[in-house]
Amino acid sequence: MELKTARLTLLIDPAKKAAFEQLCAAQDLTPSQVVRQLIRDYLAQHGVGYVPSGTAASRRGRPARR
């Protein structure tokens, strides 16, 4: 699990945002949790590895995991 965070700001249609927030609430998830999972899935789908910041591996400079 990541120990550090960074902000990602995006613009979205207000109606789409409201529908997304309602769906997330219905699934007992926060919008942030869903977006983080979407990003992890997208990176994995394209074979992009990374080491989560703040982890022991990132502090030791190990190669990114895939």
Side-chain angles (χ1 to χ4, degrees):
M1 181 176 173
E2 296 90 353
L3 300 178
K4 295 182 181 181
T5 59
R7 185 174 305 273
L8 174 66
T9 303
L10 60 111
L11 300 176
I12 187 171
D13 175 74
K16 192 178 295 181
K17 178 181 179 280
F20 179 64
E21 289 172 335
Q22 290 173 2
L23 178 58
C24 290
Q27 296 176 338
D28 197 27
L29 296 167
T30 67
S32 290
Q33 288 172 312
V34 175
V35 169
R36 284 191 297 267
Q37 185 62 55
L38 288 168
I39 292 170
R40 283 191 298 270
D41 292 347
Y42 188 74
L43 291 170
Q45 176 185 349
H46 292 281
V48 177
Y50 67 96
V51 176
S53 59
T55 62
S58 69
R59 289 190 297 268
R60 287 193 291 269
R62 290 188 180 168
R65 60 184 176 160
R66 294 209 178 234

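These numbers come from the heavy atoms of this one structure, side chains and all, not from hydrogens, waters or symmetry mates. Along the sequence shown, residues carry numbers from 1.
Following chains of ILVMFWY side-chain contacts shorter than 4.5 Å, one cannot reach L23 starting from V35, and the two form parts of different hydrophobic clusters. In terms of hydrophobic clustering, with Ile, Leu, Val, Met, Phe, Trp and Tyr side chains grouped at heavy-atom distances under 4.5 Å, Y42 and V48 are assigned to different clusters.
Here the closest heavy-atom approach between residue C24 and residue P31 is recorded as SG-CA, 3.8 Å.
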Name each donor-acceptor pair under 3.5 Å that joins a side chain in residues 6-15 to protein atoms two or more places apart or in another chain, with its distance.
from	atom 1	to	atom 2	distance (Å)
D13	OD2	A15	N	3.1
D13	OD2	K16	N	3.1

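Considering CD of Q22 and NZ of K17, their distance stands at 10.5 Å, rounded to 0.5 Å. Atom OG1 of residue T30 and atom CD of residue E21 lie 10.5 Å apart, to the nearest 0.5 angstrom.
Residues meeting the side-chain hydrogen bond (donor to acceptor under 3.5 Å, both in side chains) test with R40, sequence neighbours left out: Q37.
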